[in-house]
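To keep things clear, I will list the structure first and then write my remarks on it.
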Amino acid sequence: MSAFQIELTEKQWEIVEEIWANVEQETTYLATLSREQRLAWFREHQYPHPISFEREIGGTVYTVNAHFSEDAETADGKVNRILSQNITL
């Protein structure tokens, strides 16, 4: 395992603390919402540009298209499923 240390100025540390406070505030707010309300919030606040794009690399054009299913397994559900398959009592 590697360890590293980052030295921040006081102003930089204030910015980090402000970001942490904002993340905590949003996380607390989102925890109060129903699943449908959280999905609506995420849709409203998602990255505005499409995830699909084309990129040329070495004379070849690559097209990337991203699609998400509304019926897909949630991250929480997947973690629980994996843990339940790998834990024996």
Side-chain angles (χ1 to χ4, degrees):
M1 183 168 109
S2 299
F4 60 92
Q5 179 177 345
I6 299 174
E7 294 185 21
L8 302 175
T9 66
E10 188 170 326
K11 179 63 177 169
Q12 291 169 328
W13 182 247
E14 288 173 10
I15 293 169
V16 168
E17 287 182 318
E18 181 181 342
I19 292 169
W20 281 343
N22 288 339
V23 168
E24 181 66 29
Q25 180 181 6
E26 290 297 324
T27 302
T28 301
Y29 170 70
L30 289 171
T32 67
L33 301 179
S34 69
R35 180 179 189 275
E36 292 77 21
Q37 290 170 319
R38 278 193 306 277
L39 288 173
W41 185 92
F42 282 116
R43 282 188 195 99
E44 183 180 329
H45 292 87
Q46 71 185 2
Y47 187 68
H49 303 289
I51 297 175
S52 302
F53 60 91
E54 288 186 352
R55 190 72 41 94
E56 181 178 346
I57 301 173
T60 302
V61 176
Y62 296 91
T63 302
V64 177
N65 295 303
H67 303 277
F68 300 95
S69 170
E70 292 288 330
D71 301 325
E73 181 178 24
T74 65
D76 184 51
K78 187 168 191 164
V79 169
N80 286 331
R81 180 178 52 79
I82 291 170
L83 289 174
S84 67
Q85 289 174 347
N86 294 313
I87 296 177
T88 57
L89 299 174

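The shown structure was predicted, so the numbers you read here are calculated from the model rather than taken from an experiment.
- For the pair Ala66 and Ser52, the tightest heavy-atom approach, listed with the atom from each and the gap, is N-OG, 3.4 Å.
- There is a side-chain donor-acceptor pair under 3.5 Å between Trp13 and Glu17.
- Taken from CG in Leu30 to CD in Gln25, the straight-line distance is 10.5 Å, to the nearest 0.5 Å.
- Between Ile19 and the choices Val16, Asn22, Ile15, the side-chain contact (heavy atoms from CB on, under 4.5 Å) rule is met once, by Ile15.
- Across all non-hydrogen atoms, the minimal contact from Arg81 to Ser84 is O-OG, 2.9 Å.
- Shortest non-hydrogen contact noted between Glu7 and Gln12 is O-OE1, 4.2 Å.
- For the atom pair CG (Leu83) and NZ (Lys78), the distance works out to 12.5 Å, reported to the nearest 0.5 Å.
- Leu33 and Arg38 get closest at one heavy-atom pair: O-NH1, 2.6 Å.
- Taken together through direct or relayed side-chain contacts under 4.5 Å among Ile, Leu, Val, Met, Phe, Trp and Tyr, Phe42 and Tyr29 form part of one hydrophobic cluster.
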